[in-house]
Q: 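Quick one: the structure is below, questions incoming.
The structure presented is a predicted model; accordingly, all values stated were derived computationally and were not measured. Every chain is numbered from 1 and lettered A, B, ... according to where its sequence line falls, protein lines coming before strand lines.
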Amino acid sequence: MAEVRSLNFIEEIVERDLREGKYEKIITRFPPEPNGYLHIGHAKSICLNFGLAATYGGETNLRFDDTNPVTEETEYVESIKEDIRWLGFQWHRERYASDYFEQLYEFAVKLIRKGLAYVDDSTSEEIAAQKGTPTTPGTESPYRSRSVEENLELFAAMRAGKYRDGEKVLRAKIDMAHPNMHMRDPIMYRIKHAHHHRTGDKWCIYPMYDFAHGQSDAIEQITHSICTLEFVPHRELYDWFIEKLEIYPSKQYEFARLNMNYTVMSKRKLLRLVNEGHVAGWDDPRMPTISGMRRRGYTPESIRDFCERVGVARRDNVIDVGLLEFCVREHLNKVAERRMVVFDPLKLVITNYPEGKTEMLESENNPEADNGGTRPVPFSRELYIEREDFMENPPRKYFRLAPGQMVRLKSAYIVRCDEVIKDSSGNVVELRCSYLPESRSGADTSGVQVKGTIHWVSIPHAVEVEVRLYDRLFKVENPDEGEGDFTDYINPDSLTIIEKAYGEPELLTARTSAKRYQFLRKGYFCLDTSSTDDKLVFNRTVTLRDTWGGGKK
RNA sequence: UGCCCGAUGGUGUAACUGGCAACACGCCUGAUUUUGAUUCAGGAAAGUCCAGGUUCGAGCCCUGGUCGGGCAACCA
C-alpha cells in the first residue's frame, strides 16, 4: 500500500471540479511580469501550476504579464524561460498579455457601450482623493456621467495618441462607496507613451493589471487561475469584469506565498541588491533567485522537492532555510562524486615512507551509489592535511591528529604524529609522522583501530583551485522587519574566497564532466561558470551536516 | 473606523470532512561508519488563540472576542 500524500486545498478543488464534471481537463498558467528574475518563491508557484496540470492531465501556459512597458525587458523574458525549463517544466503555450492588446481594447469598448466605463480627466492626485479611505467612502469623479458616445470618442482619441501621459484614464464605473477599495471605479487604461518590448510603439495606452490578467485568463480558458494572497481583494473585480464582459469564467484561487528566513524575496529588494552592488548580479550564488541557486549548485530536483515539502496553504509562513539545505544535501548525497580538497594546508611528512615514491590508491567515487566506481588517488611522502585536523592540545574527544595520536588518511594509511615542527614565532608549520605499512585501505592487517579519518592531498600531485564559500546573505532572520533599511542587515561574511586550495588531480576532469562534487568533510561543490582551463573555481552549494560540537561541552 | 484573509509542537504541513492530534525539517540520545557525513533505532516537544454554544463526542460546526496579515500605485 503506497503512502497517500494528503491533498492541498487547491488539489481538492481541482479533484472536486473534475469529479463533478465541471471541466474535462484543467488549464493553469504561470503569469510572471518580465521585470526581474525568478526567485524561489516563484518556484513554488511554478511547481504548483505545472504540477497540477501534470498530475491531473491538463496544460499550463506561460504568460508574461507585460502591461507596463517602462519596467519590462526582453532580458527578463529570456531568463524566466530559461529558469522554468531548467526547473524541468514545459509550458503548453507561450503567450503575452500584449498579444491580447487589441482584444482587450475591444473589451474596454464593450464596457463603455454598456455604460460601465468612462474616460476620466482627473489627475492622479484627484483620483487618489476620490478613492476615499478604507473607512470612508469615496466621491464620484465629475467626469463620471459622460455619455457613451463621448467616452467612445475620447477613448479612441486616447489610443490615437491625442493626449499626454496622465492626461486621461479609462475607469470602470462601479461604486465609489464600495467597501472593497478595488471596486471604487478602478483604472482600466492609462496613457504611457513608452516603447514596449514586444509591441514597440504601436500602443500608447496600456491596460492595468486588473483589466488584463483576468481577461487574459478568460481568453486562454484558464480553469484555475492561481495567485498569491495579496490578490484576494482583487477577486471581486476579477469576477466583475468577467461577468460584465460575458467571457469565459476563469476562477481565481489564492495561496500563501513562500517566505524564507535570512533572505529577502521581493523583486524590488532583489533589484536593489543587484543595482547597489551588494551582490554581483541576479545570478550571484547568494541570491534566492533560481539563476543564483543554479549557479550555486542547487539541483532542479532538490528545488522541486523543497516546493513539495513546504506545502500549499492560505496562512502566512516563513520557511526555515535549513529545509532548503536539507533538500539539496539529500539529493547531492546520492549523486555527487567525492573528492578530496584541502582548504587550509598543513604539511605532513611521512618519515618512514620512501622519498620520490608515488603510490596510486583507489578511492570510492560515491559510497551511496551502487555502481559509483573508484578513482585513482596518488599518495606520496609529503602531503597536505587540513590545519584544523591537527591540534597540539586537543580536547577530550578529538578524533583527529595530535602529538602521539593516530588517524586514518582516507583511502590510504594510518599515520601517527611523531613530531611537531614550528617556525621561529611558534606556529606549527609541519608534522613529522610515521605510517603503518600494513594499514593500507582495503588491505589493513595492522589490527589498529582509529576513531578519526581525515582527507589529504599529495603535495607533488596537488592541483590548485579557487573555492568560494557562501553564508547567508543576511545576519538576521527577517531583514524586512528591523529598524532602518534591510541592507543594514547584510552579512559582511556572506562570501569567503579561498584563492588557493589544493585538490586531488582527478579534479582536473571537472571542466569536461561538469559534475557536482562532495569535497570530503567540506560540503557539496560545483564548478562555477567563471572557471577557465587555467583556473578552476568551485562554489560551495551547502556544507555537510555538522553535529559535532567542536570539542566544547 | 470599513472590508477581506488567517490562527494546530521551534518551523512547515496533515488529521479520510464530527470519532481519543500525524508526517517532515530542526533538536536530544544510542548503534553503525575509513566522511564527527550517510544510514539505523529511540526520545523530548502542541492538547489545536480565548470564551461560550451545539453534540454521546469538536482541531473540524455556530456565536462573540483576541491576535496576526492584507486593502486607499495611472505597479503586478
Side-chain angles (χ1 to χ4, degrees), chain A residues 3-8 12 31-33 35 65-68 70-72 120 122-124 127-138 165-171 178-184 187-192 205-206 208-210 212-213 227 229-236 254 256 258 261 267-268 309-320 322-327 329-330 333-334 338 340 363-364 367-368 397-400 407-412 414 439 441-442 444 450-455 518-523 543-551:
Chain A
E3 181 96 358
V4 275
R5 184 181 68 82
S6 57
L7 272 34
N8 64 51
E12 279 182 4
E33 181 189 10
N35 68 345
D65 241 328
D66 56 350
T67 58
N68 186 0
V70 310
T71 55
E72 296 153 3
D120 194 338
S122 304
T123 64
S124 83
I127 290 178
Q130 289 161 18
K131 286 257 175 184
T133 72
T135 52
T136 57
D165 286 10
E167 212 174 320
K168 284 181 166 49
V169 293
L170 181 72
R171 289 228 257 169
H178 199 105
N180 180 345
M181 297 289 292
H182 294 277
M183 300 297 278
R184 323 241 262 227
I187 293 171
M188 293 163 58
Y189 268 91
R190 76 287 214 191
I191 298 169
K192 275 179 194 281
I205 57 171
Y206 293 93
M208 297 286 290
Y209 166 85
D210 285 306
H213 196 91
C227 61
L229 248 28
E230 65 268 31
F231 293 99
V232 170
H234 293 252
R235 189 175 61 227
E236 195 170 6
E254 313 87 10
L258 171 79
N261 55 14
K267 274 197 271 189
R268 198 194 110 251
R309 286 171 187 267
V310 298
V312 177
R314 279 174 72 85
R315 78 179 103 150
D316 293 333
N317 60 82
V318 181
I319 308 293
D320 192 326
L323 181 64
L324 220 205
E325 295 177 342
F326 166 82
C327 291
R329 288 193 187 103
E330 188 176 58
N333 179 45
K334 295 187 196 118
R338 307 306 103 137
M340 293 196 283
S363 190
E364 271 185 309
E368 302 295 318
K397 289 175 81 174
Y398 187 74
F399 298 161
R400 284 110 94 152
V407 282
R408 158 77 60 181
L409 295 174
K410 176 69 181 177
S411 297
I414 292 172
S439 69
S441 188
D444 188 347
V450 292
K451 289 290 283 181
T453 299
I454 64 175
H455 61 282
Q518 180 197 105
F519 290 173
L520 242 54
R521 307 204 300 138
K522 286 298 188 184
T543 61
L544 255 32
R545 184 162 174 265
D546 184 10
T547 52
W548 185 51

Q: With a 3.5 Å distance limit and no angle check, can you tell me whether K267(A) reaches the backbone of E33(A) through a side-chain donor-acceptor pair?
A: yes
Q: Suppose you measure atom C1' in C71(B) against the same atom in G19(B); what distance do you get, rounded to whole Å?
A: 41 Å
Q: Quick one: label E325(A) by what it contacts on the DNA or RNA (base, sugar-phosphate, nothing), any heavy atom closer than 4.0 Å.
A: nothing
Q: Could you give the NE2-to-C1' distance, from H178(A) to G2(B), as a whole number of Å?
A: 11 Å
Q: Verify side-chain contact (heavy atoms from CB on, under 4.5 Å) between E325(A) and L323(A), making sure each step is shown before the conclusion.
A: CA-CA 5 Å; E325(A) 295 177 342; L323(A) 181 64; over 6 Å; no
Q: Within the 4.0 Å heavy-atom criterion, would you say Q518(A) contacts the bases, only the backbone, or no part of the nucleic acid?
A: base
Q: Quote, to the nearest angstrom, the P distance that separates A58(B) from G53(B).
A: 12 Å
Q: Would you call R338(A) and E364(A) a salt bridge, using N to O less than 4.0 angstrom?
A: no
Q: What integer number of Å spans the P atoms of C25(B) and A21(B)?
A: 22 Å
Q: Holding to side chain to side chain contact (heavy atoms under 4.5 Å, CB included), I want the full list of residues that pass it with D546(A), two or more places apart in sequence or in another chain.
A: W548(A)
Q: Pick the P atom in A24(B) and in C40(B), then give their distance to the nearest Å.
A: 11 Å
Q: Could you tell me whether the side chain of E364(A) has a donor or acceptor atom within less than 3.5 Å of a complementary atom in the base of U34(B)?
A: no
Q: Which way is the base of U66(B) turned, syn or anti, if we draw the line at 90° from 0?
A: anti
Q: Counting any heavy atom closer than 4.0 Å, what does F399(A) reach on the DNA or RNA strands: base, sugar-phosphate only, or nothing?
A: base
Q: Between E72(A) and N35(A), is there a side-chain donor-acceptor contact under 3.5 Å, judged purely by atom types and distance?
A: no
Q: Restricting both atoms to N or O, compile the protein contacts to nucleotides 7-10 of chain B shorter than 3.5 Å, with distance only.
A:
from, atom 1, to, atom 2, distance (Å)
U8(B), OP2, R315(A), NH1, 2.6
U8(B), O4, R315(A), NH2, 2.9

Q: Ignoring hydrogens and geometry beyond distance, is a side-chain donor-acceptor pair present between H182(A) and D210(A) at under 3.5 Å?
A: no
Q: Could you state the atom-to-atom distance from CG of D316(A) to P of U13(B) in whole Å?
A: 10 Å
Q: Would you mind reading off the distance between R400(A) atom CZ and U35(B) atom C1', rounded to a whole angstrom?
A: 11 Å
Q: Can you see which heavy atom on V407(A) is nearest to which on R400(A), and at what distance?
A: CG1-C, 3.4 Å
Q: RNA chain B: V232(A) or L323(A), which has the more 5' nearest nucleotide?
A: V232(A)
Q: Any donor and acceptor pair, going by atom type alone, linking the side chain of R408(A) with main-chain N or O of S439(A) inside 3.5 Å?
A: yes
Q: Indicate whether OP1 or OP2 belonging to G36(B) is found under 4.0 Å from a side-chain N or O atom of R521(A).
A: yes
Q: List in chain and number order the residues that pass ring-ring contact (aromatic ring centres under 6.0 Å, His included) with H178(A), two or more places apart in sequence or in another chain; answer none if no residue qualifies.
A: none
Q: Of all residues at least two apart in sequence or in a different chain, which pass the salt bridge (Lys or Arg N to Asp or Glu O under 4.0 Å) check with D120(A)?
A: R171(A)
Q: Given the C1' atoms of C60(B) and U17(B), what is the spacing between them in whole Å?
A: 8 Å
Q: If the P atom of A41(B) is compared with that of U48(B), how far apart are they to the nearest Å?
A: 32 Å
Q: Mind listing the N/O atom pairs, protein and nucleotides 39-50 of chain B, below 3.5 Å?
A:
none

Q: When you check the phosphate oxygens OP1 and OP2 of G6(B), does a side-chain N or O of R314(A) lie under 4.0 Å from one of them?
A: yes
Q: Is there a donor and acceptor pair, one atom on the side chain of S441(A) and one on the base of U34(B), closer than 3.5 Å?
A: yes
Q: Which residues pass the ring-ring contact (aromatic ring centres under 6.0 Å, His included) test with F231(A), not counting sequence neighbours?
A: Y209(A), H234(A)
Q: Enumerate the protein-to-nucleotides 27-29 of chain B contacts in which both atoms are nitrogen or oxygen and the separation is below 3.5 Å.
A:
from, atom 1, to, atom 2, distance (Å)
C27(B), OP2, R545(A), NH2, 3.4

Q: Tell me the closest heavy-atom pair linking P31(A) and H213(A), and the distance in Å.
A: CB-CE1, 3.5 Å
Q: Using a cut-off of 4.0 Å on non-hydrogen atoms, how would the nucleic acid contact of G442(A) be classed: base, sugar-phosphate, or nothing?
A: base
Q: Using the test side chain to side chain contact (heavy atoms under 4.5 Å, CB included), find all partners of E330(A) that sit at least two apart in sequence or belong to another chain.
A: D305(A), R309(A), F326(A), K334(A)
Q: If the glycosidic angle is within 90 degrees of 0 it's syn, otherwise anti, so just tell me which one G47(B) is.
A: syn
Q: Search all heavy atoms of L258(A) against all heavy atoms of N317(A) and return the closest pair with its distance.
A: CA-OD1, 4.0 Å
Q: For RNA chain B, please output the secondary structure as dot-bracket, reading 5' to 3'. Pairs are Watson-Crick or G-U wobble, both atom distances under 3.5 Å; mark crossing pairs with [ ], other-strand partners with |, unpaired with a dot.
A: .((((((..((((.....[..)))).(((((.......))))).....(((((..]....))))))))))).....
Q: Treating R315(A) as the side-chain partner and A256(A) as the backbone partner, does any N or O pair qualify as donor plus acceptor under 3.5 Å?
A: no
Q: Rounded to the nearest angstrom, tell me the gap between atom CG in N261(A) and atom C1' in C25(B).
A: 12 Å
Q: Classify L520(A) by what it touches in the nucleic acid, base, sugar-phosphate, or nothing, heavy-atom distance under 4.0 Å.
A: base
Q: Take atom CE of M340(A) and atom P of U34(B), then tell me their distance rounded to the nearest Å.
A: 16 Å
Q: Let me know, please, whether R329(A) or V312(A) comes out on the 5' side of the other along RNA chain B by nearest nucleotide.
A: V312(A)
Q: With Y189(A) as reference, evaluate L170(A), V169(A), T67(A) under the side-chain contact (heavy atoms from CB on, under 4.5 Å) test and give the passing residue.
A: L170(A)
Q: Measuring only the C1' atom in each nucleotide, how far is A14(B) from C75(B)? A whole number of Å is fine.
A: 37 Å
Q: What integer number of Å spans the P atoms of A15(B) and A22(B)?
A: 14 Å
Q: Restricting to salt bridge (Lys or Arg N to Asp or Glu O under 4.0 Å), what partner residues turn up for E12(A), sequence neighbours left out?
A: none
Q: Using only side-chain N and O atoms of N317(A), determine if any of them is under 4.0 Å from OP1 or OP2 of U11(B).
A: no
Q: State whether the side chain of N180(A) and the backbone N or O of P233(A) hold a donor-acceptor pair below 3.5 Å, judged by distance alone.
A: yes
Q: Can you give one letter per nucleotide of nucleotides 70-76 of chain B, 5' to 3': B if a protein heavy atom sits under 4.0 Å from the base, S if only from the sugar-phosphate, - if neither?
A: -SB-BSB
Q: What does P367(A) touch in the nucleic acid at a heavy-atom separation under 4.0 angstrom: a base, only the sugar-phosphate, or nothing?
A: base
Q: Can you measure R338(A) atom CZ to U34(B) atom P for me and round it to whole angstrom units?
A: 16 Å
Q: Both conditions, 6.0 Å and 45 degrees, for the charged tip of K192(A) above the ring of Y206(A): are they met here?
A: no
Q: If the condition is salt bridge (Lys or Arg N to Asp or Glu O under 4.0 Å), which residues does E167(A) pass it with, not counting sequence neighbours?
A: R164(A)
Q: Heavy atoms only, 4.0 Å cut-off, all strands: where does R235(A) land among base, sugar-phosphate and nothing?
A: nothing
Q: Across the strands shown, which category fits V318(A) at heavy-atom distances under 4.0 angstrom: base, sugar-phosphate, nothing?
A: sugar-phosphate
Q: Contact class for F519(A) (heavy atom, under 4.0 Å): base, sugar-phosphate, or nothing?
A: nothing
